[in-house]
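To keep things clear, I will list the structure first and then write my remarks on it.
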Amino acid sequence: MQGRQATTHERAAARLRQVGLLCLGGLVAGVLLWPALLYARFLDESQTLRFNGRVYNRTAMAVENAGGNTRLQTPYNAFNMLQNRTFVQVEMRHDLVDLVEGSYEGHLSVLAPLLKPLQWLQLEDISYFMTYRGEYDGVWDYGPDVFRERFPLLSNCGQPSKQKRTSPRQLAGCSRTNPRRSLRKRHRLFEAYVDLSWEALFLRIGRQNLSWGETDAFRLLDQINPLDASFGGFLVSLDDRRVPLDMVRAVYSFEDVGPFSELNIEGYGAFDKNISSPTPAGSPWSTPNPPGMRGVVKKPAQNFKDTRGGFRVTARVGELTLSAAHYYTFLDAPEVRIVTPRKNPPISLAAFEQAVNAGLASQFIVDNFQANVLYPKIAISGLTASFPIPKWYAIIRSEAAVFWDEPFFKNSGATHLLGPVLSGGQITPGYRQVGIDPATGSPLLSYENDIAHSHVVRWVLGIDINRYIRALNPQQSFIVSGQMFGTHIVDFNDTSLASVGPYDFGHFAIPVSEPSRQNQSLVNIDQHQFVNTLSISTSFRSGVIRPQLVFFYDWQGSWLVQPGITLTRDPFRLTLQYNYLDGQYNGIGLLRDRDNLITQLEVVF
């Protein structure tokens with residue numbers, strides 16, 4: 001047995017050495033070959049085929065111990081590694097106009113006969129674009145044990161312990177998960193599309209990202225593409241988190257019409273099953289949550305019913321830039337429906353009471369309930385407006401949108417969230433009686449939780465100011481960007497849980513537990529929510545040194561302070577950043593125990 005363990009450890013060490021040598025070799029090769037890459041952006045003499053990209057390694061180290069709720073799944077400590085992410089992105093764009101027209105001279109001219117039939121389209125421009133994206137996170141190979149080992153996930157595992165995480169990584173009667181498998185590495189053809197344009201019409205066909213809106217850091221009208229939250233959530237830029245969709249996009253330009261200039265009508269249709277990627281349990285960035293129940297994620301179908309699409313009109317009136325949009329999309333936040341699976345026998349009320357008396361309520365829930373995770377398709381209608389104020393060296397940005405019929409989870413009474421009871425002849429809301437157990441005479445029940453719907457009004461007002469503060473930086477200006485986001489739920493349920501019956505439903509909530517709150521199963525949300533963001537940056541020594549300070553404040557009582565500095569010596573970028581999160585357990589505060597220090601080395605070519 002000891003020999004087998006030694007062999008296993010030797011193999012693991014060998015794999016680790018291979019990974020280390022591969023990373024080191026890649027870095028050395030990148031440095032040695034950099035001059036060639038720098039001057040080989042165009043691969044032909046006519047400069048129609050262009051390559052560019054970026055490579056970075058991002059390391060995040062925890063600077064505090066995991067909070068009590070987080071430790072149920074990821075009991076890391078201060079100065080443990082949370083992330084060691086290597087990211088590679090290579091882009092290629094090929095302009096085909098000369099090849100189609102037959103005027104191209106170069107080694108790619110062999111393609112001209114194949115493209116000549118496209119002349120009948122009388123195109124002004126034709127090109128294609130492709131992006132490769134590769135990702136590897138070493139925290140799953142050489143990080144803390146908690147991220148390298150398969151661990152208990154569901155309530156039927158009981159209280160997680162070190163013993164349950166060690167070899168042979170199996171525990172009788174315990175359901176387990178392995179986020180390492182999905183988060184360790186990915187290789188993707190990220191974007192691939194063709195651009196076609198005529199005098200007034202532009203078409204883009206293929207896998208692409210499309211952003212409508214005027215906001216930074218958080219999204220409002222920009223809800224077309226899903227987000228990937230599996231590697232850092234809102235601490236990572238939106239551009240890195242957007243997930244492209246198979247899409248057809250068209251823009252028709254009317255130029256000047258009446259008081260409007262640059263009048264465009266834009267529309268798109270997306271035929272794709274991709275949805276937002278939530279942070280899986282066990283990830284360093286997952287929302288703190290105790291072990292739960294089995295879940296099934298329902299993705300959109302690739303049919304007409306689940307097609308995403310809409311239109312936007314943009315125009316300028318003098319210095320005022322306006323847009324109006326209406327489209328259908330799938331939200332980032334899922335709708336969670338807790339049900340008793342139809343394939344399972346109905347719940348016996350007597351059996352549940354026996355489980356409670358034996359202290360096995362969690363086991364009963366795991367065995368008899370299922371969380372169906374659905375991403376709701378909703379309509380969004382919105383307006384944007386922006387204009388400059390030259391006297392202030394500023395630009396004002398604004399957005400407002402209505403999210404039609406958005407679903408909301410409802411909080412539940414205390415004790416057992418899903419427990420059935422009979423009181424005064426009434427069954428707990430969510431249950432319905434489907435029969436009688438002939439052996440015991442106990443009611444047989446099925447269950448589906450209560451989901452509410454409401455229209456939601458969201459808005460944002462932002463300002464970007466570019467001003468000199470000579471006392472602090474005589475050479476370069478400061479860029480100050482501030483935003484205020486507002487959310488207003490129209491048909492809000494604020495019923496106090498103290499006034500609802502046992503296991504009844506009340507206040508709107510998010511499906512995340514909050515152990516420190518008494519007599520509440522989930523985290524309540526406010527009807528009126530506000531978030532402020534502030535970013536201040538400047539540069540010294542002709543852009544070589546760029547300090548920045550970012551501040552987020554959620555009026556529900558949480559905040560982020562993010563000082564950072566970037567040092568640039570082309571083609572290298574070295575970024576040091578500290579993330580300090582604190583406050584109430586809601587909004588930004590759901591990651592309040594995730595303070596971390598980030599070091600990122602990037603090469604751009």
Side-chain angles (χ1 to χ4, degrees), residues 23 25-57 86-136 186-199 201-211 237 239-240 242 244 246-247 249 251 539 542-544 546 566-575 600-605:
C23 294
L27 180 60
V28 172
V31 172
L32 294 177
L33 296 177
W34 172 249
L37 290 174
L38 180 62
Y39 297 105
R41 290 185 179 180
F42 291 99
L43 299 188
D44 62 334
E45 295 179 356
S46 300
Q47 297 189 351
T48 63
L49 181 59
R50 186 191 71 190
F51 277 85
N52 61 280
R54 55 196 284 248
V55 179
Y56 70 73
N57 180 269
T86 300
F87 175 94
V88 179
Q89 180 168 297
V90 181
E91 300 175 350
M92 182 185 75
R93 182 176 292 278
H94 192 187
D95 187 342
L96 301 176
V97 172
D98 291 346
L99 282 169
V100 172
E101 293 178 349
S103 60
Y104 179 86
E105 296 181 0
H107 59 271
L108 296 177
S109 58
V110 294
L111 300 176
L114 300 176
L115 299 174
K116 186 176 181 180
L118 295 177
Q119 290 181 3
W120 69 272
L121 292 175
Q122 299 182 352
L123 294 161
E124 285 193 353
D125 186 26
I126 176 172
S127 62
Y128 66 89
F129 178 83
M130 293 192 296
T131 302
Y132 160 79
R133 182 174 285 189
E135 299 155 280
Y136 166 73
R186 287 187 295 187
H187 299 279
R188 293 179 286 174
L189 178 60
F190 193 66
E191 289 183 285
Y193 56 78
V194 176
D195 286 343
L196 308 170
S197 64
W198 292 263
E199 182 177 354
L201 177 64
F202 169 82
L203 287 178
R204 176 169 289 174
I205 304 170
R207 192 167 187 76
Q208 57 188 282
N209 280 310
L210 177 59
S211 175
S237 71
D239 289 339
D240 278 357
R242 286 193 184 92
D246 294 333
M247 182 187 306
R249 175 190 171 205
V251 182
S539 62
S542 301
V544 173
R546 185 176 181 272
T566 298
L567 307 177
T568 301
R569 184 180 178 88
D570 286 334
F572 299 101
R573 312 279 191 274
L574 175 63
T575 299
Q600 178 172 309
L601 177 61
E602 181 173 3
V603 179
V604 180
F605 59 92

### Task
Take R249 and L210 through the test side chain to side chain contact (heavy atoms under 4.5 Å, CB included) and record every step on the way to the result.
CA-CA 9 Å; R249 175 190 171 205; L210 177 59; 3.6 Å; yes
### Task
Could you tell me which non-hydrogen atom of F42 sits nearest to which non-hydrogen atom of T48, and how far apart they are?
CD2-N, 4.3 Å
## Note on the structure
CD (E199) and CD (E124) are apart, to the nearest 0.5 Å, by 6.0 Å
### Task
Give the C-alpha distance, both sets of side-chain angles, the deciding distance and a yes or no for side chain to side chain contact (heavy atoms under 4.5 Å, CB included) between L118 and I126.
CA-CA 10 Å; L118 295 177; I126 176 172; 3.7 Å; yes
#### Entry: N-O pairing of R188 and E135 below 4.0 Å
yes
### Query
Atom CZ in R41, atom CG in N52: separation rounded to 0.5 Å?
7.0 Å
### Message
Within this structure, what is the CG-CG distance for the pair L123 and L96, rounded to the nearest 0.5 Å?
### Response
10.0 Å
### Message
Using the ring-ring contact (aromatic ring centres under 6.0 Å, His included) criterion, which residues pair with F87? Sequence neighbours excluded.
### Response
Y56
### Task
Start with the C-alpha gap between Y136 and V88, add the side-chain angles, then the distance that decides, and say whether side chain to side chain contact (heavy atoms under 4.5 Å, CB included) holds.
CA-CA 9 Å; Y136 166 73; V88 179; over 6 Å; no
### Query
Roughly how far apart are R546 CZ and T566 OG1, rounded to 0.5 Å?
6.5 Å
### Summary
Nearest heavy-atom approach of L108 to L99 is O-CD2, 3.4 Å
### Message
So does E45 get a backbone contact from the side chain of Q47, meaning a donor-acceptor N/O pair under 3.5 Å?
### Response
no
### Task
Can you measure from CG (L574) to CD (E602) and round to the nearest 0.5 angstrom?
10.5 Å
#### Entry: salt bridge (charged side-chain N to carboxylate O under 4.0 Å, His left out) partners of residues 92-104, not counting sequence neighbours, each pair once
R93-D195
### Summary
For P113 and S109, the nearest pair of non-hydrogen atoms, with its separation, is CD-O, 3.8 Å
### Task
State, yes or no, whether a side-chain contact exists between F202 and S197 at a heavy-atom distance under 4.5 Å.
yes
### Side chains of E191 and P244 in contact at under 4.5 Å (non-hydrogen atoms)
yes
### Summary
Paired with V100, the side chain to side chain contact (heavy atoms under 4.5 Å, CB included) test is passed by just one of D125, L115, L121, namely L115
### Enclosure of E105 CD (heavy-atom neighbours >12, cutoff 6.0 Å)
no
### Message
Under a plain distance cut-off of 3.5 Å, with no hydrogens placed, do R54 and Q89 share a side-chain donor-acceptor pair?
### Response
no
### Message
For a quick test of reading the model, state the closest non-hydrogen atom pair linking F190 to R133 and the distance between them.
### Response
CZ-NH1, 3.3 Å
### Message
Applying side chain to side chain contact (heavy atoms under 4.5 Å, CB included) to M92 and L49, what does each step give before you reach the verdict?
### Response
CA-CA 7 Å; M92 182 185 75; L49 181 59; 3.7 Å; yes
### Sequence neighbours excluded - ring pair (Phe, Tyr, Trp, His ring centres under 6.0 Å) pairs with any residue from residues 95-131
H94-Y128, F129-Y193
### Closest approach of Q119 to G102 (non-hydrogen atoms, all atoms of both residues)
NE2-N, 4.4 Å
